[in-house]
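One-based numbering along the sequence shown.
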Amino acid sequence: MPTAARAMAAVLFAVLAWYVSGLIVPLFPENTDMGFFTEVNAGLGLICGWRIAGPRGGTGYVSAISYGLTTTVALVVVALFTHSSVVMIENSLRKFYDTPVEAVVAVFELMVEHGTMMLTPEILATLGVGGVLAGLGTEFVGRRYT
């Protein structure tokens with residue numbers, strides 16, 4: 001296992017998640033308590049980078065673009081699911097849902113709602129370019145330090 005590539009991927013995707021989270025925060029209403037939004041996303045970036053992009057480091061620069069974008073998409077989906085689940089649990093504790101099925105469905109509705117909020121050119125471009133650069137950085141380290 002290329003440990004250096006895994007470490008580089010983890011750091012690069014954590015930084016990407018942290019930066020994009022800073023771009024997303026102003027899109028929420030002013031009274032929204034964001035809590036540890038940025039930190040959680042950075043942690044998820046760390047995990048996705050380590051588990052998805054890291055093991056693929058050293059397989060070629062064309063592959064690096066592919067696994068960089070794949071890791072970015074996986075990171076976005078995992079982050080949307082995580083934060084939507086937290087909102088659903090908070091709403092459940094306030095007795096917002098009548099049945100458990102309604103609460104589970106709400107997770108996916110919240111994912112769509114939060115996902116559409118992210119569909120700005122700035123965020124999409126940052127995710128695309130950042131994913132490619134993180135993949136290429138992982139590949140660079142994977143070729144030299146494994």
Side-chain angles (χ1 to χ4, degrees), residues 1-92 94 96-97 102-146:
M1 291 275 171
T3 306
R6 281 180 170 235
M8 178 56 82
V11 169
L12 291 174
F13 283 100
V15 169
L16 177 63
W18 175 81
Y19 183 76
V20 171
S21 297
L23 297 176
I24 293 171
V25 168
L27 300 177
F28 283 93
E30 280 187 39
N31 59 354
T32 304
D33 177 24
M34 298 307 290
F36 293 105
F37 179 76
T38 306
E39 292 83 0
V40 169
N41 286 342
L44 293 172
L46 192 87
I47 293 167
C48 286
W50 182 271
R51 300 280 300 168
I52 299 170
R56 290 163 179 80
T59 58
Y61 285 103
V62 174
S63 296
I65 294 169
S66 176
Y67 65 72
L69 291 174
T70 301
T71 305
T72 303
V73 170
L75 171 59
V76 169
V77 171
V78 168
L80 283 171
F81 182 78
T82 301
H83 293 294
S84 297
S85 296
V86 169
V87 171
M88 182 274 295
I89 291 169
E90 290 171 352
N91 289 341
S92 292
R94 292 188 196 112
F96 189 75
Y97 308 112
E102 188 179 344
V104 171
V105 169
V107 171
F108 297 100
E109 291 172 349
L110 288 165
M111 284 177 68
V112 169
E113 180 183 331
H114 294 154
T116 55
M117 189 185 315
M118 289 176 45
L119 293 177
T120 66
E122 181 182 22
I123 292 172
L124 293 176
T126 303
L127 285 170
V129 172
V132 169
L133 292 177
L136 292 173
T138 301
E139 181 62 26
F140 178 81
V141 170
R143 283 184 175 252
R144 277 148 189 84
Y145 300 104
T146 55

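The ring-ring contact (aromatic ring centres under 6.0 Å, His included) pairs that include a residue from residues 61-86 are Phe37-His83, where partners are two or more places apart or lie in different chains. Legend: ring-ring contact (aromatic ring centres under 6.0 Å, His included) pairs involving residues 108-131, not counting sequence neighbours, sorted by first then second residue: Phe28-His114. Within the structure, side chain to side chain donor-acceptor pair (under 3.5 Å) contacts touching residues 11-37 (residues at least two apart or in different chains) are Ser21-Asn41. Sequence neighbours left out, the pairs with a member in residues 120-139 that pass salt bridge (charged side-chain N to carboxylate O under 4.0 Å, His left out) are Glu139-Arg143.
Taking CE from Met8 and CZ from Phe140, the interatomic distance works out to 8.5 Å, rounded to the nearest 0.5 Å. Here the CD1-OG distance, from Ile89 to Ser84, works out to 11.0 Å after rounding to the nearest 0.5 Å. Atom CG of Leu27 sits about 4.5 Å away from atom CD1 of Ile123, to the nearest 0.5 Å.
Shortest non-hydrogen contact noted between Ala64 and Gly135 is CB-O, 3.4 Å. Listed here is the closest heavy atom pair of Leu12 and Ala134: CD1-O, 3.5 Å. Minimum heavy-atom separation, Ala5 to Gly142: CB-CA, 3.7 Å. Nearest heavy atom pair, residue Ala42 against residue Ala14, reads O-CB, 3.4 Å.
Val86 is linked by a side chain to side chain contact (heavy atoms under 4.5 Å, CB included) to Glu90, counting only residues two or more places apart in sequence or in another chain. For the side chain to side chain contact (heavy atoms under 4.5 Å, CB included) test, residues two or more places apart in sequence or in another chain that qualify with Thr72 are Phe13, Leu16, Leu127. Contacts of Ala10 classified as side chain to side chain contact (heavy atoms under 4.5 Å, CB included), with partners at least two apart in sequence or in another chain: Leu46, Trp50. By the side chain to side chain contact (heavy atoms under 4.5 Å, CB included) test, Glu39 pairs with Phe36, sequence neighbours left out.
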For Val20 and Leu75, run side chain to side chain contact (heavy atoms under 4.5 Å, CB included): C-alpha distance rounded to whole Å, both residues' side-chain angles, the deciding distance at 0.1 Å, then the answer. CA-CA 11 Å; Val20 171; Leu75 171 59; over 6 Å; no
**OP:** Determine, stepwise, if the pair Leu69 / Val73 fulfils side chain to side chain contact (heavy atoms under 4.5 Å, CB included).
**Re:** CA-CA 6 Å; Leu69 291 174; Val73 170; 5.5 Å; no
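Inter-residue side-chain proximity for Ile24 and Met118 is flagged as met; some heavy-atom pair is nearer than 4.5 Å. A 4.5 Å side-chain heavy-atom check between Thr70 and Arg56 finds every atom pair outside the cut-off.
Of the listed residues (Thr82, Val107, Leu110), just one forms a side-chain contact (heavy atoms from CB on, under 4.5 Å) with Val87, and that residue is Leu110.
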